[in-house]
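What you see is a predicted model, and the numbers here were worked out from it, not measured in a lab. To find a chain, count down the sequence lines: A is the first, B the second, and so on, and within it residues start at 1.
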Protein chains: 2
Amino acid sequence: MPISCVFKPPVRRRVHEEIAEQLRDAILDGRLAPGQKLPPERELAERFQVNRTSLRQAIKVLEGLGLVVVRQGDGATVLPPAEASLDLLAPMIFRAGTIDTEVLVHATEVIKPLLLEMSRLAIERHEPEQLEEIRRLRDVIADDSRQREERFAAGREVIVMLSDMTRNRVWQMLARQTRNLLASPPLREARREMDRDPGQVVPYIDRCFDAIAAGQPEAALAALHQFVDYLSDLALSLDETSSGRGRMRALSGT
Amino acid sequence: MPISCVFKPPVRRRVHEEIAEQLRDAILDGRLAPGQKLPPERELAERFQVNRTSLRQAIKVLEGLGLVVVRQGDGATVLPPAEASLDLLAPMIFRAGTIDTEVLVHATEVIKPLLLEMSRLAIERHEPEQLEEIRRLRDVIADDSRQREERFAAGREVIVMLSDMTRNRVWQMLARQTRNLLASPPLREARREMDRDPGQVVPYIDRCFDAIAAGQPEAALAALHQFVDYLSDLALSLDETSSGRGRMRALSGT
DNA sequence: AACATTCATTGGTCCAACCAATTTTGTCAA
DNA sequence: TTGACAAAATTGGTTGGACCAATGAATGTT
């Protein structure tokens, strides 16, 4: 089964890093289909014009990501991306300078109930001093004398803080991955271009705080619903200008 | 910052695989703390009694897993596991022949609402023929003339089928990771030891089917709630015999 | 036709040398 | 003393080649 796609020799960064990225993207956008076998290491190395050792390191990274399975004497076989890690969400959404709005919509659809349930637990189990930490983050977000990026970053950290309040290590993992996803350079750029004031979320946060302070977890959850709906709409608004093919050019230069 | 833990030379399987596993476990159970630096490659290679090339491949796998960050001239630094991929959930729960019931409880707490929301979407968006596929899986689960493992496997595939019904690629990723987690050998063994009949879940499934067939999505969701509660309790019952330290010996021989 | 053997293919490991980025150290001048 | 700058040591990155080991297909035998 010959592989027809062309690869360019690495020019920047670490060689195995570049190779791994090219192969990863080829897998994610289907040029290398699941079940298909990668060319032999020796041949791939020659095509990339790198040493076999470097190419092997790239393969190992892909193996760690769960994108390929390697068997001695057989070769490297591409696995379905659906089996792969959540770390691939960002590369799946942002590929080749464009935003795959389909995956973005899908991710939003998953993150929304996730955020809601996590916050429910957080409200239930939080310690008072943790509430204070979030309040400090809120103040950073509301402080329009600061850099926009710093205020956005504080907003992302709220998610992480919430996860810590659940005292659940798995929620903590998910929240940090979500934060990292939101912090992906292409998404950061896209949001910056939308020219929104980071402080817009402050009223939502305050409404949650007020309800919690008043000892009304139900009201807090209701406010939370509104907040999460707002965030969800924000993400989906990136879809507005999408082309008919379900993909749009990213606003960043990457 | 000297590293004190001892490493044994690899004896089985592929060398870099064994090395990666030892290092991964050392990170997951805290012998290598986040922020700490790994010893230089040359020194580590000597300690493991392997070539530096093999050790480097292991490092690359850890890099792919998001457990370490490597910088030329500096070294490899351990990252917080909370930042790492969900693929690590199984190694986190099952370590050194024991079940970490804390992480297990945490994972269950996350998977439960996840499953519920995903099923809600699945009921909303499914195609009739997909319902038939699940019915076939149901028949396999109910067929006590088959191997127990085959029936358990069918149960796990239901989750994947549900995710396909959502027509959402991210749900599909999460479902497949969850299935893989449930299929982890230690968890499979533990459940087998519990000596439960895989067919116990059939009434729950049927109740969902009946409600969907009757065109009552609310009733289907109610039945689903009961089902998910049952599954959740099943997972948590593994915690019953746990020791005070929050960990119990795994029932399997690994 | 079924089975066992052989052999080419392909990944796995090792070695040794050198390149490149970073950090540390040392020196000298202000 | 302090700061800046340069040299050296440390550490990961890359290369080339050689050989080992598992797989699978071709071949031959029964």
Rounded to whole Å, how long is the line connecting atom [atom1] of [X] with atom [atom2] of [N]?
X: B:K37; N: D:dG12; atom1: NZ; atom2: C1'; result: 12 Å
X: B:L44; N: D:dT11; atom1: CG; atom2: C1'; result: 12 Å
X: B:E18; N: C:dT13; atom1: CD; atom2: P; result: 11 Å
X: B:H16; N: C:dC14; atom1: NE2; atom2: C1'; result: 15 Å
X: B:E17; N: D:dA21; atom1: CD; atom2: C1'; result: 15 Å

| With A:E150, which residues qualify under side-chain hydrogen bond (donor to acceptor under 3.5 Å, both in side chains), at least two apart? | A:R146
| Which residues satisfy the salt bridge (Lys or Arg N to Asp or Glu O under 4.0 Å) test with B:R42, sequence neighbours excluded? | none
| Minimum-distance pair of heavy atoms, taken over all atoms of A:S163 and A:R176 |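 Minimum heavy-atom separation between A:S163 and A:R176: OG-NH1, 3.5 Å.
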| request: Return the minimal non-hydrogen interatomic distance between B:I141 and B:A154, and the atom names on each side. | output: CG1-CB, 3.8 Å
| said: So if I take every side-chain heavy atom of A:P40 and compare against C:dT13, D:dG13, C:dT10, which nucleotide ends up nearest? | reply: C:dT10
| remark: Picking from C:dC14, C:dG11, D:dG12, the nucleotide nearest the side-chain atoms of B:T53 would be C:dC14
| field | A:E46: partners by side chain to side chain contact (heavy atoms under 4.5 Å, CB included), with sequence neighbours left out | value |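 Checked A:E46 against side chain to side chain contact (heavy atoms under 4.5 Å, CB included); zero matches.
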| message | My understanding is that only residues two or more places apart in sequence, or in another chain, count here; which of them pass side chain to side chain contact (heavy atoms under 4.5 Å, CB included) with A:P80? | response |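 Applying side chain to side chain contact (heavy atoms under 4.5 Å, CB included) to A:P80 gives A:P34, A:E83.
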| query | Distance check: side-chain N/O of B:N51 vs OP1/OP2 of C:dT13, anything under 4.0 Å? | reply | no
| query | Is the closest basic N to carboxylate O distance between A:R136 and A:E157 below 4.0 Å? | reply | no
| query | Among residues 54-66 of chain B, which contact DNA chain D at a heavy-atom distance under 4.0 Å? | reply |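 Output list: B:R56, B:K60.
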| request: Nearest 0.5 Å please: distance from the CD1 atom of B:I111 over to the CG atom of B:L104. | output: 8.5 Å
| said: Let me confirm one number: the CZ-CD distance from A:R135 to A:Q130, rounded to the nearest 0.5 Å. | reply: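 Spacing of CZ (A:R135) from CD (A:Q130) equals 13.5 Å.
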Please list, pair by pair, any protein nitrogen or oxygen found under 3.5 Å from a nitrogen or oxygen in nucleotides 18-22 of chain C.
from, atom 1, to, atom 2, distance (Å)
C:dA20, N3, B:Q72, NE2, 2.8
C:dA21, O4', B:Q72, NE2, 3.3
C:dT22, O4', B:Q72, O, 3.4

